[in-house]
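In what follows, chains carry the letters A, B, and so on, assigned in the order in which the sequence lines appear, proteins first and then strands, with residues in each chain numbered from 1.
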Amino acid sequence: MTKVTELFVNGRRVAVDADSETSLLTVPRDQLDLTGSKYGCGEGQCGACTVLIDGLPRRSCITKAGVAATKQITTIEGLAKDGRLHPLQQAFLEVGAMQCGYCTSGMIVTASALLKSNPDPTPQEIARFMEGNICRCGTYQRIVAAIQEAARAMREARS
Amino acid sequence: MSRGPIAQAPLEPERYELESPPRYHFEVDRREFFRIFGCGIVVACFVERVVEAQESGGGRRGFRERFPQEIAARLHIGEDGTATVYTGKVEVGQNARTALTQAVAEELRVSPGAIRMVMGDTALTPFDMGTFGSRTTPTMNPQLRKVASAARDLLIDLAAQSWGVDRAGLGVENGEVRDPATGRRIAFGALAKGQKLAKAIPAADPLSPAAEWTVMGKSLPKIDGSDFVTGKHRYALDVKLPGMLYGKMVRPSSFGATLVTADVGQAESMSGVTVVRDGDFVGVAAPSEPVAARALAAIRAEWKSVPNPSGQELFEFLKKNADPASAGERGRSHSTGSIEAGLAAADERLQATYTVAYIAHAPLEPRAAVAEWRDGKLTVWTGTQRPFGVRGELAETFRIPEEQVRVQVPDTGAAYGGKHTGEAAVEAARLARAAGRPVKVVWTREEEFTWAYFRPAGVIEVASGVRRDGTITAWEFHNYNSGAAGIGTPYDIANQRIEFHGAKSPLRQGSYRALAATANHFARESHMDELAHAVHRDPLEFRLKNLRDPRLRAVLEAAARKFGWGRTERRPGHGFGLAGGVEKGGYVATCAEVFVDRSDGQPAPAGPPEVPTGTRRSVGQVRVLRVVTAFECGAVVNPDQLRNQIEGANVMGIGGALFEAIEFENGRILNNRFSRYRVPRFSDAPAIEVVLLDRKDLPSAGAGETPIVGLAPAVGNAIFDATGVRLRSLPLAPDGMKS
């Protein structure tokens, strides 16, 4: 079995030790102490494990470490820049778009990809894009509002 | 309003998963206080603890036991001015941490940011029976306010002594005692310096009324929220200790199966792997999660299975296996007047049977625990609603005194009543003891769907009589298996017979958000609708005609008004329904609008559906478009968090109402993963509006559970309104909508 000895995570090259067939989720969690990405189902159905791979949202629980070996991986820990929260993180706080918070990392990472490709999404577009992320506490309405709020803030910052 | 013994039963009989009563108190004497918590001032609130013995298959030793006075909550003011609160309650997403912080901030007159809250640590926090039953707001909140208020008085006394003035002229603001007459001020920390002052207060001191609140009653954002949006917060399954191993369990092939053989040789030979075989307990601990998975796969276990009831015959099984003795038990039945007379006086008589399926809590964080042994003492981090209960479980399992066990509960990734038991804690501790190193056990989603416990399934039979003028004359209501919570009726009915019948359950069952109130409200509020239609009356008007309770009337009217009940034009395929109820001191009314898509080509079934069997009928795609919930629970502690809970409860309720159901056969769960067990997603979420009735003149009640009970019947009634088809089984439309 081939080994993965190095990954690019949140802009840094880091040494790891994982079989290429291992699920990517365990590597940041268990080897890099980046526990923000969560285990929720192990079958890519809940989105709690979502990371960005070359900017695209991927369910790391069903992604093999070997596949991510040469790509840029971004976890929730990599979204804040220079101690400043990403607009999505800020918006989730302002709207109160969480209860237990367990889905929150996956929601924010997934939404960050949405806003890169669609800076002004409608609620329907948001719901469609986010459909793969489960919030069992049921805060969907607030998450949609937070994503819209972040989108607005990001458009304003650009103008 | 009829509020008989059933409605007042303090702990519901259907908390089946709690098998033994809570056992002990954690008492720390005065010297210990300051050795552990540092110099300063400690105020503790004493209560007379009323402990209800759990009924679990037959009551024992009396319904209540009185313990001597016991500490309920503790507050420590340190030399640096920090106020540290110790409470045995835990945070599971219901935002207890925030609301309790507000309670202390209100009475102590400090900013919420100056308060540190230690929750759910059996070594540090006073004993607590568990965070369930919507009890935190009505009990812990006032207890914390009392200790904070007493601490405030103590600080004023200290300042008065120090300044040689009468305490009457002094005030407290923003963490300081101030003398308006001289402008002098002294910070709490300075007053606490060098002190080893401990005071115990009875739980009877007066508190500031809700109308004067400045911190409570406000929508304080979730404490530590930034830790959650940055991924910094560590849930139990994120805890990491040096040298920690990863544990996995071999599970039985089916429920009730016993271990015949287990070939563990190959696993044992793997480097760094510890295997434990202890009776039917077979588990592995390994240096990494992938190695643990390989070790687990290398074990060949043979199980002897036992016959298990079929999921296809669930409701017949429940009725056939009802326990005849349970109907007479206290808290399980209630009668007034004469059913026979009531039926005789009726112009219309109805009978209907309703069923609810088993459903799973499916908290997004599965059960997980990290266990470490050190010098014979055990420490476990786990997400549970009952840290002291789990501590007792561990002490009993390992035959060590409870004082040698410490359970700590990190703010947890949800529970909904499903994390009262400590399975993962026991497993991690057993593996850790064998391995001589800390062990983390994280249940897989499949394990979480299979080896925890479910919300009980149930059969509810209702017989009723109503006069043409809309007066309900008779109400007979039997619940089989699912429970007695919410089994009473809030409507004014002279002749009632209400009974709960315990039954043998094919699946392990236990507490789930609102307990049986969901099932009982579904049956009752659907049946109320059926009665209303039988006498050609509007469902809202019919309810109000039979209802004097002003608080329930108020939420029904508020929800209807906001929804536009009776004023909204009906479009083809759309239907409107409403439901109301009272549970645990909270009053709820929910209106729902559904859209039923008939474009699948299936004609509407004619006539009323038969008594439900194992098969389900489909009425085409069902979508819940809009929900309005009015809610009243006394004085509101945190309006936005309360709205959040109500919105979330409605979304969760849609799952149980429309499509969630555990499917089982031959002692196996057939749909034990999210790809097969559908939970509400973004596309299922309706537009939800919440109307809060803030009764500052009434004590605050909890709200974690009650908001869910109005959803299912409102949706069922709306489906009837849209289609003329009356559905009496939850889930109502499991094959509706895209999956």
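Without hydrogens or angle criteria, B/R681 side chain to A/E131 main chain gives a donor-acceptor distance under 3.5 Å. B/K222 places a side-chain N or O within 3.5 Å of a backbone atom of A/Q99 that can act as its donor or acceptor partner. Counting only distance, with no hydrogens or angles, the side chain of B/E365 and the backbone of A/Y102 share no donor-acceptor pair below 3.5 Å. For A/Q89 (side chain) and B/S226 (main-chain N/O), no donor-acceptor pair under 3.5 Å exists by modelled atom type. One N or O on the side chain of A/R136 and one on the backbone of B/H361 form a donor-acceptor pair closer than 3.5 Å. Checking side-chain atoms of A/Y140 against main-chain N and O of B/P686 turns up no donor-acceptor pair under 3.5 Å. Judged by distance alone, with hydrogens and angles left aside, the side-chain atoms of B/N644 form a donor-acceptor pair with the main-chain N or O of A/M98 at under 3.5 Å. Within the 3.5 Å criterion, the main-chain N or O of B/I688 finds a donor-acceptor partner in the side chain of A/Q141. Using modelled atom types, one side-chain atom of B/R445 and one backbone atom of A/G40 make a donor-acceptor pair closer than 3.5 Å.
Here OG1 of A/T26 is found 8.5 Å from OH of B/Y246. Values are rounded to the nearest 0.5 Å. Here the OG atom belonging to A/S105 is positioned 13.0 Å from the NZ atom belonging to B/K232, to the nearest 0.5 angstrom. Interatomic distance, A/I134 CD1 to B/R678 CZ, rounded to the nearest 0.5 Å: 11.5 Å.
Interface remark: of the candidates B/G655, B/G413, B/G653, B/G413 forms the most heavy-atom pairs closer than 4.5 Å to chain A. Among A/H86, A/R29, A/E77, A/M107, the residue making the largest number of heavy-atom pairs under 4.5 Å with chain B is A/R29. Comparing B/M244, B/H233, B/Q645 by how many heavy-atom pairs each has under 4.5 Å with chain A, the most go to B/Q645. With respect to chain A, the highest number of heavy-atom pairs below 4.5 Å among B/A685, B/A687, B/P221, B/A362 belongs to B/A362.
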TODO: Check step by step if side-chain contact (heavy atoms from CB on, under 4.5 Å) holds for B/T230 and A/I76.
DONE: CA-CA 6 Å; B/T230 55; A/I76 181 71; 5.6 Å; no
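Proximity to chain A is limited to the side chain of B/P290, based on heavy atoms less than 4.5 angstrom apart. The contact between A/D19 and chain B is made entirely by side chain atoms (from C-beta outward), counting heavy-atom distances below 4.5 Å. Heavy atoms closer than 4.5 Å to chain A are found nowhere in B/Q641, neither backbone nor side chain. Heavy atoms of A/A127 lying under 4.5 Å from chain B belong to its backbone as well as its side chain. Heavy atoms of B/R294 lying under 4.5 Å from chain A belong exclusively to its side chain. Contact of B/V229 with chain A is made through backbone and side chain together, with heavy-atom distances under 4.5 Å. Contact of B/R643 with chain A is made through backbone and side chain together, with heavy-atom distances under 4.5 Å. For B/T412, the part lying under 4.5 angstrom from a heavy atom of chain A is the backbone only.
Checked by atom type, the side-chain pair A/E43/B/S675 shows a donor-acceptor distance below 3.5 Å.
When all heavy atoms of A/L93 and B/G225 are compared, the pair lying nearest together is CD2-C, 3.3 Å. Counting all heavy atoms, side chain and backbone alike, B/E289 lies closest to A/D30 at CB-OD2, 4.0 Å.
B/R676 places none of its side-chain heavy atoms less than 4.5 Å from the side chain of A/Q45. Side-chain contact between A/C100 and B/V92 is absent, with no heavy atoms from C-beta onward closer than 4.5 Å. For the pair A/I143/B/F682, a side-chain contact is recorded, criterion being any heavy-atom separation below 4.5 Å from C-beta on.
A salt bridge links B/D238 with A/K38: at least one charged nitrogen is closer than 4.0 Å to a carboxylate oxygen.
In B/K218, the NZ atom is crowded: over 12 heavy atoms of neighbouring residues, nucleotides or ligands sit closer than 6.0 Å.
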